[in-house]
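Here is the structure we will look at, set down as structure tokens.
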Amino acid sequence: AIQSDDKILIGGYFSGFNGLNRRKLARLNSNGSVDSGFDTSVGAGTGGYIYSIAIQPDGKILIGGDIYSYNGVDRGNLIRLNANATVDTGFNTGTGPSDNVLAITVRADGKIYIGGSFYFYNGTVMPNFARINSDGSLDNSIPIARFSYSGYGVTQIVNQPDGKMIVVGAFYCESSRSNSIFRTYNDGSIDPLFRLGNGADNLIYC
């Protein structure tokens, strides 16, 4: 993910970058050097994976993946960091997503959409796709696209310029009756005008 100041956030399964201790997350300057002011030497620990990063307009950073804790603070697979790499304790997901978060997008209204291989969000059944309030709580006020649970689930969510979203992965979408790809309206509900027939016959990564 690219910050407004052109610094670059990278995530994965690494424990170091260019000889510096960086646990699964690092921030690079625009010339490729490590930003020493963004200390992730504890970070996601030794066992976690970071699969997705999104930057909010206020500069806070959302990271998703297979993450048990961050900087020693227990968090379940979805974490928000302050711009200095500390955990934002005002973002409380409860038990959070029950499995990996592979995709995150931030919307103009401040809502956060996540996708992945999870089945629950903080104990509520929410297979693979969920809308989150800016405080980390689940927003279940308006129905969003629902589909049969897939162990792989949603791999990417992309905002269109008109505010709609394209969602891809490995799933069967009950609302649109297509495989592995659909388009939503601004509120996350299915756009029925995006007609794909049966869709893809296997996983779409991106």
K24 NZ/CZ over Y13 ring centroid, <6.0 Å and within 45° of normal: yes
Within residues 90-102 or reaching into it, pairs that qualify as side-chain hydrogen bond (donor to acceptor under 3.5 Å, both in side chains) - sequence neighbours excluded: T95-N122
Any side-chain heavy-atom pair of M126 and N140 under 4.5 Å: yes
Minimum heavy-atom distance D66-N77, with the two atoms named: CA-OD1, 3.5 Å
Set of ring pair (Phe, Tyr, Trp, His ring centres under 6.0 Å) partners for F38, sequence neighbours left out: none
Non-hydrogen side-chain atoms of T105 and Q156 separated by less than 4.5 Å: no
N186 and K164 side chains, donor-acceptor separation under 3.5 Å: no
Check: L81 and L25 side chains under 4.5 Å, non-hydrogen atoms: yes
is_close_aromatic(F129, Y113), centroid dist under 6.0 Å: yes
Any donor-acceptor N or O pair under 3.5 Å, side chains D191, T184: no
Centroid-centroid under 6.0 Å between F120 and F118 rings: no
Where V42 and G72 come nearest, the two heavy atoms and their spacing: CG1-N, 4.3 Å
Under 3.5 Å: donor-acceptor pair, side chain of D139, backbone of S141: yes
Residues forming a ring pair (Phe, Tyr, Trp, His ring centres under 6.0 Å) with Y119, sequence neighbours excluded: Y149
Polar side chain donor-acceptor pair, R75 to Y70, under 3.5 angstrom: no
